[in-house]
Structures are given as C-alpha cells and as structure tokens.
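The structure under discussion appears below in the form of structure tokens.
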Amino acid sequence: MFTGIGITSIQVLDQDEALDFYVGTLGFRVSSDVDLDFMRWLTIALPDDPDHEILLEVPGPPALSEETAARVRDLTTKGALGLAAVLDTDDCRATYEELRAKGVEFTQEPVEQPYGIDCALRDPFGNHIRVTQRTPMKEITEEVRKRWEESER
C-alpha cells in the first residue's frame, strides 16, 4: 500500500531562524521553499537522504485556527510536543562535539544504550531531537530500565 514516508513536519516559530539552525548548523539542505501566498512551504532534507523531507511548519492557518496555533506555539516552546526527530550518525560522540562547538543546546550527552550511542538536543524553538549511532540491539538490562525511568522524572 505505502512505499515510504516522504515528508514529516516539525513545528517552528520562525522559518528563517529554522533554516539557520537546520541548514546552517545541522547541515540539512533546502528541498523546497515556495511562497503559496497563504503560507510558506519550506522543506529540508539531509544531503545523503533527499527523499525524506522535513516540513518546517509554522503553526497557523490554513491547517490550524489562530487559537489552536497559539496553543501549539506555546507547547512547542515548552518542549511538550514530544520527540521531533531521530537523526542517525556514524559517530555520535564526534557529532556531539562538533555541534556543541557550534553552540547547540544539548539536554543529554552521548550515552551507551542497548540500541547504540545517542544524545539529545533542542532546536531553537524547544523541539526535542535525538542523535543516534545505531548498533545491533542488545539486551535491555534492569540497570538500563532504571536509568530510563529516572530520566523521565
């Protein structure tokens, strides 16, 4: 039935600031930037993965009423919309150091996980993004479960 996921979206409050972060800092490329009069259709993709785009979407009409958009903007800035994306990398620790040197705000340093090594950052709007160096899945130990439970508090 389906052949893939073409576009997902991340809520941003300012598309130019989002471009600066996602393209200028994280290394994405602009896929499309179209003024539709009623909205700006702005998508980005990783250079090595152009078929998987992210729509950098400002909450508002036509998709949302102004009242609902205001609530979404508030939730975005509070980081309350949950995980926005998981970005794969071949070397999590090196990526962490490179991005940290560029001033990216991290909420978690690289940590060994059963699925690899990962860390967490926030974009300028509050969205949560994980950076993961995947490895074959290992057993989830009781120690790991406790660590995950503690991080949720």
Side-chain angles (χ1 to χ4, degrees), residues 1-113 115-135 147-148 150-153:
M1 180 189 303
F2 302 108
T3 60
I5 297 172
I7 300 174
T8 58
S9 70
I10 293 178
Q11 301 296 314
V12 300
L13 305 185
D14 180 291
Q15 288 173 311
D16 289 325
E17 186 178 355
L19 276 178
D20 189 44
F21 180 74
Y22 286 96
V23 174
T25 303
L26 298 187
F28 282 80
R29 300 278 190 265
V30 174
S31 298
S32 60
D33 189 352
V34 181
D35 181 355
L36 299 175
D37 288 330
F38 59 91
M39 71 173 282
R40 180 180 179 189
W41 183 263
L42 177 60
T43 62
I44 58 171
L46 291 167
D48 292 338
D49 195 12
D51 294 334
H52 297 102
E53 297 177 85
I54 296 174
L55 173 65
L56 299 175
E57 185 174 17
V58 175
L64 303 172
S65 70
E66 277 303 329
E67 180 181 333
T68 300
R71 289 184 184 146
V72 171
R73 287 190 295 271
D74 184 53
L75 290 170
T76 298
T77 59
K78 291 177 179 172
L81 294 181
L83 181 65
V86 177
L87 304 177
D88 289 338
T89 183
D90 292 330
D91 188 336
C92 184
R93 288 182 177 92
T95 300
Y96 168 83
E97 291 299 335
E98 180 181 341
L99 293 177
R100 204 174 110 205
K102 291 181 178 182
V104 172
E105 175 192 350
F106 281 86
T107 57
Q108 182 184 47
E109 294 180 358
V111 175
E112 298 272 345
Q113 303 284 9
Y115 50 84
I117 302 168
D118 79 350
C119 58
L121 62 93
R122 285 184 181 233
D123 75 3
F125 313 102
N127 291 302
H128 295 278
I129 299 171
R130 296 204 70 86
V131 176
T132 303
Q133 176 184 338
R134 295 189 204 194
T135 60
R147 186 178 73 219
W148 287 349
E150 288 173 8
S151 70
E152 291 178 5
R153 293 181 191 152

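Just so you know, residue 1 is the first one in the sequence shown, and it goes up from there. As a basis for the values below, the full set of heavy atoms in this structure was taken, side chains included, without hydrogen atoms, waters or symmetry mates.
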Close side-chain approach of [X] and [Y], heavy atoms under 4.5 Å:
| X | Y | value |
| --- | --- | --- |
| Leu56 | Phe28 | no |
| Tyr115 | Thr135 | no |
| Leu87 | Thr132 | no |
| Asp33 | Arg40 | yes |
| Asn127 | Thr76 | yes |
| Asp14 | Phe125 | yes |
| Val30 | Leu19 | yes |
| Val23 | Ile44 | yes |

Enter the distance from [X]:[atom1] to [Y]:[atom2] here, rounded to the nearest 0.5 Å.
| X | Y | atom1 | atom2 | value |
| --- | --- | --- | --- | --- |
| Ile129 | Leu99 | CD1 | CG | 10.0 Å |
| Thr77 | Gln11 | OG1 | CD | 12.0 Å |
| Ile54 | Ser9 | CD1 | OG | 9.5 Å |
| Leu26 | Glu98 | CG | CD | 10.0 Å |
| Arg73 | Lys78 | CZ | NZ | 13.5 Å |
| Glu109 | Arg100 | CD | CZ | 7.0 Å |

Search all heavy atoms of [X] against all heavy atoms of [Y] and return the closest pair with its distance.
| X | Y | value |
| --- | --- | --- |
| His52 | Ile5 | CD2-O, 3.0 Å |
| Val12 | Pro59 | O-CD, 3.2 Å |
| Ala120 | Phe106 | O-CD2, 3.2 Å |
| Thr25 | Lys102 | O-NZ, 3.1 Å |
| Gly126 | Asp123 | N-OD1, 3.0 Å |
| Val131 | Cys92 | O-SG, 3.6 Å |

Ionic contact status for Arg93 with Glu97, cut-off 4.0 Å: no
Whether the side chain of [X] engages the backbone of [Y] through a donor-acceptor N/O pair (distance < 3.5 Å, no angle test) should be reported.
| X | Y | answer |
| --- | --- | --- |
| His128 | Gly79 | yes |
| Arg130 | Asp118 | no |
| Ser31 | Glu53 | no |

Verdict with supporting geometry, Ile10 and Glu57, side chain to side chain contact (heavy atoms under 4.5 Å, CB included): CA-CA 6 Å; Ile10 293 178; Glu57 185 174 17; over 6 Å; no
Would you indicate whether [X], at its atom [atom1], is surrounded by more than 12 heavy atoms from other residues, nucleotides or ligands within a distance under 6.0 Å?
| X | atom1 | answer |
| --- | --- | --- |
| Asp35 | CG | yes |
| Arg122 | CZ | yes |
| Asp49 | CG | yes |

Report the C-alpha distance between Tyr96 and Thr89 in whole Å, list the side-chain angles of each, state the deciding distance to 0.1 Å, and finish with yes or no for side chain to side chain contact (heavy atoms under 4.5 Å, CB included). CA-CA 10 Å; Tyr96 168 83; Thr89 183; over 6 Å; no
Is a donor from one side chain sitting under 3.5 angstrom from an acceptor on the other, for Trp148 and Gln113?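 Yes, side-chain donor-acceptor contact under 3.5 Å.
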